[in-house]
Amino acid sequence: MSGQLGHVTMTGRGEVYSFTTMYNVPKGFEEQKPYSVALIKLDDGPMVTAQLTDVDSPDIKIGMRVEMVTRKLREEGEEGQIIYGYKFRPVLTTG
């Protein structure tokens, strides 16, 4: 409440706190159904809601580690303008 705002860099990593799979979807998302949406508890503190990507619904688990990625959200208009945004995918492990 001090009125002093600052820039905070976040890691974009966290874990699935809760999730659901969408079968009845809003207009503009019909081509993506079914898809899963999760409440993500970020390592940096806040919680965000986002669509999950690169994972099948049966493989999603509470506590699963995820990371933010930029992905296509939808297309708009007669020209098919692509709208990008953030989604979360399982953390990729190496080795």
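None of the values given here were measured: they were computed from a predicted structure.
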How about Y17: does its OH atom have over 12 heavy atoms from other parts shown lying under 6.0 Å from it?
-> no
Between NZ on residue K33 and CE on residue M22, distance to nearest 0.5 Å = 11.0 Å
Residue set satisfying side-chain hydrogen bond (donor to acceptor under 3.5 Å, both in side chains) with K72, at least two apart, ordered chain then number -> E75
Would you mind listing the cluster partners of I82? Hydrophobic ones only (ILVMFWY), side-chain contacts under 4.5 Å, chaining allowed.
-> Y84
Nearest-0.5 Å distance that lies between atom CD1 in I83 and atom CD in Q81 = 4.0 Å
If you look only at pairs with a residue in residues 39-57, which of them pass as a salt bridge (charged side-chain N to carboxylate O under 4.0 Å, His left out), with sequence neighbours excluded?
-> D43-R65, D54-R71
Does any non-hydrogen side-chain atom of E67 lie less than 4.5 Å from one of R89?
-> yes
Under a 4.5 Å side-chain heavy-atom rule over Ile, Leu, Val, Met, Phe, Trp and Tyr, are L73 and V48 clustered together?
-> no
Hydrophobic clusters join Ile, Leu, Val, Met, Phe, Trp and Tyr when side-chain heavy atoms are under 4.5 Å apart, directly or via other members; which others share one with V91?
-> none
Look at the side-chain heavy atoms of Ile, Leu, Val, Met, Phe, Trp and Tyr, link any pair under 4.5 Å apart, and say whether M10 and Y86 land in one connected group.
-> yes
For the residue pair L42 and F88, establish whether any side-chain heavy-atom pair is separated by less than 4.5 Å.
-> yes
S57 meets the side-chain hydrogen bond (donor to acceptor under 3.5 Å, both in side chains) criterion, sequence neighbours left out, with T21, S36
Do T49 and I40 come within less than 4.5 Å of each other through their side chains, counting heavy atoms only?
-> no
Between atom OH of Y35 and atom CG of L52, what is the distance when rounded to the nearest 0.5 Å?
-> 11.5 Å
Non-hydrogen side-chain atoms of V66 and V16 separated by less than 4.5 Å = yes
Applying side-chain hydrogen bond (donor to acceptor under 3.5 Å, both in side chains) to Q51 and not counting sequence neighbours gives Q32
Could I get the full list of side chain to side chain contact (heavy atoms under 4.5 Å, CB included) partners for S18, not counting sequence neighbours?
-> L39
